[in-house]
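The structure appears right after this line, and notes come after that.
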Amino acid sequence: MDKILVTGGLGFIGSHTVVELQNEGYEVVIIDDLSNSSEKVLDGITTITGKTPLFEKLDLKDKGGVEAFFAKHNDIKGVIHFAASKAVGESVQEPLLYYENNIGTLVYILKELKKLPSAAFIFSSSCTVYGQADELPITENAPVKQAESPYGNTKQIGEEIIKDTCRVVPNLKAIALRYFNPVGAHETAEIGELPIGVPQNLVPFITQTAIGLREELSVFGDDYPTPDGTCIRDYIHVVDLAKAHVVALGRLLQGKNKSNFETFNLGTGTGSSVLEVVKSFEKVSDEKLNYKIVGRREGDIISAYADTNKANDELGWKTTLTLDDAMRSAWKWEQKVRG
Ligand code: UD1
């Protein structure tokens, strides 16, 4: 079976994707610098799949290390590239760190893929490229808006770099997957999200509050023009998201792609408000969540959810898990990690 490199394969979305790849029989090699992950994740992957992927600890900023890796693994058929920094606030404070981590490393990898006889490349992009879209649900044709942060900019620039490269490197085919809000954990609670420090994202903050690690959740604003006044997002279960990567990779490896650079939204197509997420958590966990309404968070958009038609029709993929499933699995994981 084809050998696939997964960068950032010990991270949240990366580890779930490694599980799905191995379940489909792919041979997986992981590169991770462990800056936001742990080698223990390998144990979780092994427990779920019965197979331990190859792992190399490598910082992709080490250009020589990347060259040496590809020289050793010159039979790689595809790369799923998760490794990147993702804290929006930090990116505003440290833009060069973000451009080096997210853009510099992308260029090194593409240079190596250029040398291979053929290569499939899957890029982790984000719905952040759309900003506050003018129309909902958001299709892939919605205009890319001025990025709100260097982090968001690295996703936009990353897509452009890949598109420009695919135009002149015929042996390279790529898909950028634009994620909406990935949440949840594996149903076995063997792998899940492991935020360092205080979580910035809603769902880990909810579960950490419920387990007693945080005093209360601040709901950022209830005066938005939405039915209950809180912001709306499209929360997609990480296992559904992981499966989409395997499907997208297969599309490229089997030559079913329509052009050498494609983009797909990955979401459920349904928007949920912050208070609906809280309610879902309370229902599935049977816990009362301590929360209060506070002022708006700077930079938050009002509402974003995906038009999933392109992914459903062309990839033949759709989500099967619900918000309740995601909250249940996130809670099971939190209880296992810190309970
Ligand atoms: C955030 C990033 C986005 C990035 C994504 C990656 C910002 C402004 N946006 O998206 O660029 O691609 O993470 O996962 O940081 N909320 C609360 N209380 C909290 C935390 C969040 O009310 O303690 C609300 C937010 O206002 C928002 C929703 O929950 O309405 C989801 O927030 P979050 O999980 O941070 O995701 P995004 O803001 O959509």
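Order of appearance sets the numbers: ligands from 1, and atoms from 1 within every ligand. Computation of the quantities below employed the complete heavy-atom set of this structure, encompassing side-chain atoms and omitting hydrogens, waters and symmetry-equivalent molecules.
The closest approach between any non-hydrogen atom of K86 and ligand 1 is not below 4.0 Å. Not a single heavy atom of G152 sits under 4.0 Å from any atom of ligand 1. Between Y235 and ligand 1 there is a heavy-atom distance shorter than 4.0 Å. Judged by the shortest distance from any of its heavy atoms, Y179 lies outside the 4.0 Å radius around the atoms of ligand 1.
Residue contacts with ligand 1: N201 is placed with a nitrogen or oxygen under 3.5 Å of a nitrogen or oxygen of the ligand (distance criterion only). Backbone and side-chain nitrogen or oxygen atoms of P182 are examined, and none is located within less than 3.5 angstrom of a nitrogen or oxygen of ligand 1.
Contact of the L60 side chain with the Y108 side chain is not registered, since no non-hydrogen atoms from C-beta on lie closer than 4.5 Å. Side-chain atoms of V183 and E193, non-hydrogen and from C-beta on, never get closer than 4.5 Å to each other. Within the 4.5 Å cutoff, no side-chain heavy atoms of E276 are placed close to those of Y235. With a 4.5 Å cut-off on side-chain heavy atoms, L172 and N260 do not count as touching.
Every atom of ligand 1 with a heavy atom of N181 under 4.0 Å away is listed here by number and element: 36 (O), 37 (P), 39 (O). Remark: ligand 1 atoms within the under-4.0 Å shell around heavy atoms of Q200 are 20 (C), 35 (O).
Paired with Q22 under the rule side-chain hydrogen bond (donor to acceptor under 3.5 Å, both in side chains), one option of T49, T52, T17 passes, and it is T49.
With a 4.0 Å cut-off on non-hydrogen atoms, S149 does not touch ligand 1 at all.
One side chain, S280 or D324, offers a donor N or O that lies under 3.5 Å from an acceptor on the other.
A salt bridge links R251 with E314: the distance from a Lys NZ or Arg NE/NH1/NH2 to an Asp or Glu carboxylate oxygen falls below 4.0 Å.
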